[in-house]
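What follows is a short report on a single structure.
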Amino acid sequence: MKTIRLKAGKERSLLRHHPWVFDGAIDRGRADPGETVRVESAEGRFLAWGAYAPSSKIRVRVWSFDEAERIDAAFFERRLRAAVQLRERLAIDSDGVRLVHGESDGLPGLVVDRYGDVLVAQFGSSGAERHKAVIADALLRVTGLQRLYERSDASVRQLEGLPPATGWLRGDGPTECVIHENGWRLSLDVAEGHKTGYYLDQRDSRRACAELTRRFGWGDVLNCYSYTGGFTVAALAGGARHVTSIDSSGPALERARRNVALNGFDAARCTFLDADVNASLRAFWAEGRRFDAIVLDPPKLAPSAAHLERAARAYKDVNRLGFKLLQPGGVLFTYSCSGAVGVELFQKIVASAAHEAGVEATILARHGGAPDHPTGLAFPEGEYLKGLVVWRRP
Ligand code: SAH
């Protein structure tokens, strides 16, 4: 077993069980990609077992803080079983579920989503990559499922020096799935879709959107950054008269159309725009179009803290346009999935957007990632999705 010795005083975050060791904290020691290493303090005290990543800034990701624990097949099976059992206890109204959420489930770099009877895994760290076969076999045992598709094509792999990898790891068959979420049917393709195929983290926000549509009796709803139409289906299910969906991805909109049909809604209640959201909102403003409710769920505008200022401006711009297009008494569902934009900052951005739009507004609800996307208490970096449901006072 190789040992990684930290510089003096660099053990503090590990003593609090934060799962990352940055390159600058290391005094000496190295290992192969994904190899299990013993991390110790400058004084030689055991701190953690972790996976070494030679070319990543995050040089070690911790598997365990327990010196007696061995990082073997039984370890991975225990962790996977705990993660899957947690999901069984959560009341998730869907068969599309995140089973493993990386660091927050004690499995750094590993994401596993379940879509019906298909598992999709993303091996986003050198450690997860090294134990891929063991993890794949354990996943099938723990879930009782037979098909596992790999979507290791996220950009984090590059930071770890890993090439992209996609395809069936276990079993095979069609990559298209239909899940049942909140009573709706939603199709997705695990090979072609974003992330592992779908944005499971927004499940509860979509349900809230359906509920508020019903309670408020909205006529015209605008779904910006619609992807495959999750919020579109939600608003239609809530009884919206018409839903306009905007996305810059043609294939995503094509699937959104199919998802509307899959739920038996009349296509005449929908408009799909393959366009840039900002440009479309400006055009609506010029035309005098207004909406009863607007969803703004942009992609990650701040990939890191370095992009924060520009991202904050982009969030403010789109939210200002959103507020301007809202009918008095209307509601804005606004989200940010940038980890670098905290809850407080996001609220400030939305507040100044409302101010610039000249509207008075009140927060009706705060949204976050669905409960199958938990955040480790010692790992605040895991928290990324936040949302505000804001009422434009008449
Ligand atoms: N709300 C969706 C997820 C949105 S993901 C859901 O519930 O499933 C963000 C989407 O924004 C992606 O589909 C992406 O194609 C789209 N997108 C990114 N930049 C865009 C732009 N400038 N204009 C329109 N759509 C954009």
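Read the numbers this way: they start at 1 and go in the same order the structure lists the ligands and their atoms. Every value quoted in this text rests on a predicted model; they were computed, and no experiment measured them.
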Could you name each residue pair satisfying salt bridge (Lys or Arg N to Asp or Glu O under 4.0 Å) that touches residues 378-394, not counting sequence neighbours? Glu360-Arg393
For the aromatic rings, using the six-membered ring if either is Trp, is the centroid distance between Tyr115 and Tyr198 under 6.0 Å? no
Table please: side-chain donor-acceptor pairs of residues 299-312 below 3.5 Å, with sequence neighbours left out.
{"unit_1": "Ser304", "atom_1": "OG", "unit_2": "Ala306", "atom_2": "N", "d": "3.3"}
{"unit_1": "Ser304", "atom_1": "OG", "unit_2": "His307", "atom_2": "ND1", "d": "3.0"}

Sorted by chain and number, the residues that approach ligand 1 to under 4.0 Å with a heavy atom: His194, Tyr199, Arg206, Tyr225, Ser226, Tyr227, Phe231, Asp247, Ser248, Ser249, Ala275, Asp276, Val277, Asp297, Pro299
Of the options Val100, Val97, Asp204, which is the one that meets Asp372 in a side-chain contact (heavy atoms from CB on, under 4.5 Å)? Val97
What do you reckon, are the aromatic ring centroids of Trp218 and Phe291 less than 6.0 Å apart? no
Sequence neighbours excluded, the answer for salt bridge (charged side-chain N to carboxylate O under 4.0 Å, His left out) partners of Arg130 is none
